[in-house]
Amino acid sequence: MKHYEVEILDAKTKDKLCFLDKVEPNATIGEIKSMFHKTHPQWYPARQSIRLDPKGKSLKDEDVLQQLPVGTTATFYFRDLGAQISWVTVFLTEYAGPLVIYLLFYFRVPFIYAPKYDFTTSKHWVVHLACMCHSFHYVKRLLETLFVHRFSHGTMPLRNIFKNCAYYWGFAAWMAYYINHPLYTPPIYGEQQVTLALVIFLFCQIGNFSIHITLRNLRPPGSKTRKIPYPTKNPFTWIFLLVSCPNYTYELGSWVSFTMMTQCLPVAFFTFVGFVQMTVWAKGKHRSYLKEFRDYPPLRSPILPFVL
Amino acid sequence: MASSEEDGSVEEKENNNKKRSKSAIATAWLTFYNITMTAGWLVLAVAMARFYIQKGNHRGLYKSISRTLKFFQTFALLEVRASFLRIFMVWFVANSIKQIQNEESVVLFLVVWTVTEITRYSFYTFSLLNHLPYFIKWARYNMFIVMYPLGVAGELITIYTALPYVRKSGMFSMRLPNKYNVSFDYYIFLIIVMLSYIPLFPQLYFHMLRQRRKVLHGEVIVEKDD
């Protein structure tokens, strides 16, 4: 069996960083990353980007050495992706924040509102309902992160956790401040408005969860395969006929209904910003589906049926 | 012209001509725009100087130039980058809070803006015309060292002086309870604006310093070789 030699150069300076000899032809990039990590302990595999060309795309961990367009002496280029943090850690942190923060405002802990309101409760039942819905939503997200989602990437850059937490925690505080305020004004159309909002909210929560389960079942445990999602026996998944990313559609629906329930402008604003971001993600995902699968159903839109 | 004939198909030549004429239009517009802005800020500078020479002090200076200032600064909305803070200062601070219009700090930032903008627009104009006198380049990359901190001082002092009037009048603010369940305190907003100078100003300043080193440092090396 012919062994390969692998040299790894810095993508920017072209300095020779590492030379590995007697590498098995069926070694994967992942294994090469581990070997590189031994010679440079500060660069753990998750922060290594290995490519064939200094400006090219990163090679995947599963790629096999002998299947790459390289000679028996393979030259790879390395870029440091910076400190990395696992997706699970980021999700858990960014979702735990809003859960706790909202409750601080709901229970009116001291130093938020005037002292005479400390530890009092709102006299409006919609405020209690809103707290239950908001808390339910984030508990659901935490449980999905732990037990449902299967992530394609293990890690993301460390600075993302600060950005993401600032967004989620900041908005949660801003919304919770007004909804739980002693001077809160309940919705104009009263019980009708709140009940309708609650129904839509629950519908969308179940819908969103159904989609997450369907997507999980597309992917065997430990794998990173990608398949086209299709409607199942669960009616909440029939929306796949019209939309590529119905998880975002349902999520938008949840927040629109929460806005209706609380009639609070900061909630509307949060919904809008979330909508913009999810549309960007949905369009990206839709485009990758189209690129990867020749037989992708043509009737589907990224996030809103027929519209967007 | 010979090379485009060698390129062959008529279609390609037409496309090349379209591309050339599009960038020619863009250049023409940019040149016109920059000449106009240079002229506008020169007008402002002259007006301010005349006022001061005639009156001897700065009382009423802001009022006399305010229309021209508003016009040219708003016109510069076409340059999204630098505009936001300027628009804010002109419309939401100076224009809305009459009591601060005679403050020295207002004159300070007006003078700074005027000098900076004249330099900046002449720099762009001459660059577009491919005939950039060295002193303009020198001015653009050296004046800011003094101008930026002075301008920031003028702006911050102005906002700070405006605070009590904002507090008293409750302008641009919305209180609870209301049916949108939101509130906005312009006073606190202004304080946040002032605090945001702390991260933003050093970034901008050091960026300009780095640009300066790149541009002027390169120039020095060439001269040495000559």
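Note: hydrogens, waters and symmetry copies are ignored here, and every other heavy atom, side chains too, is used. It should be emphasised that the depicted structure is a prediction, and the values quoted were computed from it without experimental measurement. In the text below, chain A, chain B and the rest are named by the order of the sequence lines, each starting its count at 1.
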**Student:** Is any side-chain heavy atom of A:R141 closer than 4.5 Å to a side-chain heavy atom of A:E94?
**Tutor:** no
**Student:** Answer whether the closest heavy-atom distance between the side chains of A:R79 and A:K55 falls below 4.5 Å.
**Tutor:** no
**Student:** Side chains of A:D118 and A:R108: closer than 4.5 Å at any heavy-atom pair?
**Tutor:** no
**Student:** Got a donor-acceptor contact below 3.5 angstrom from the A:S135 side chain to the A:M132 backbone?
**Tutor:** no
**Student:** Is the count of non-hydrogen atoms from other residues, nucleotides or ligands lying under 6.0 Å from A:Q192 atom CD greater than 12?
**Tutor:** no
**Student:** Only counting residues at least two apart or in another chain, list the ones meeting side chain to side chain donor-acceptor pair (under 3.5 Å) with A:H286.
**Tutor:** A:S244
**Student:** Would the number of heavy atoms belonging to other residues, nucleotides or ligands and lying under 6.0 Å from CZ of A:R47 be above 12?
**Tutor:** yes
**Student:** Quick check: do A:I179 and A:F258 have side-chain heavy atoms less than 4.5 Å from each other?
**Tutor:** yes
**Student:** Can you confirm whether more than 12 heavy atoms, excluding those of A:K14, are under 6.0 Å from its NZ atom?
**Tutor:** yes
**Student:** Just by distance, which donor-acceptor pairs between chain A and chain B come in under 3.5 Å?
**Tutor:**
unit_1: A:Y178; atom_1: OH; unit_2: B:S183; atom_2: N; d: 3.2
unit_1: A:Y178; atom_1: OH; unit_2: B:S183; atom_2: O; d: 3.0
unit_1: A:Y178; atom_1: OH; unit_2: B:S183; atom_2: OG; d: 2.6
unit_1: A:T185; atom_1: N; unit_2: B:N181; atom_2: OD1; d: 2.7
unit_1: A:T185; atom_1: O; unit_2: B:N181; atom_2: ND2; d: 2.8
unit_1: A:T185; atom_1: OG1; unit_2: B:N178; atom_2: O; d: 3.1
unit_1: A:Q263; atom_1: O; unit_2: B:N181; atom_2: ND2; d: 3.0
unit_1: A:Q263; atom_1: NE2; unit_2: B:K179; atom_2: O; d: 3.1
unit_1: A:L265; atom_1: N; unit_2: B:Y180; atom_2: O; d: 2.8

**Student:** The criterion is ring pair (Phe, Tyr, Trp, His ring centres under 6.0 Å); which residues satisfy it with A:F91, sequence neighbours excluded?
**Tutor:** A:W87, A:Y95, A:F151
**Student:** Sort by residue number and list every member of residues 155-173 of chain A having a non-hydrogen atom under 4.5 Å from chain B.
**Tutor:** none
**Student:** Heavy-atom pairs under 4.5 Å with chain B - which of A:P182, A:P186, A:P266 has more of them than the others?
**Tutor:** A:P266
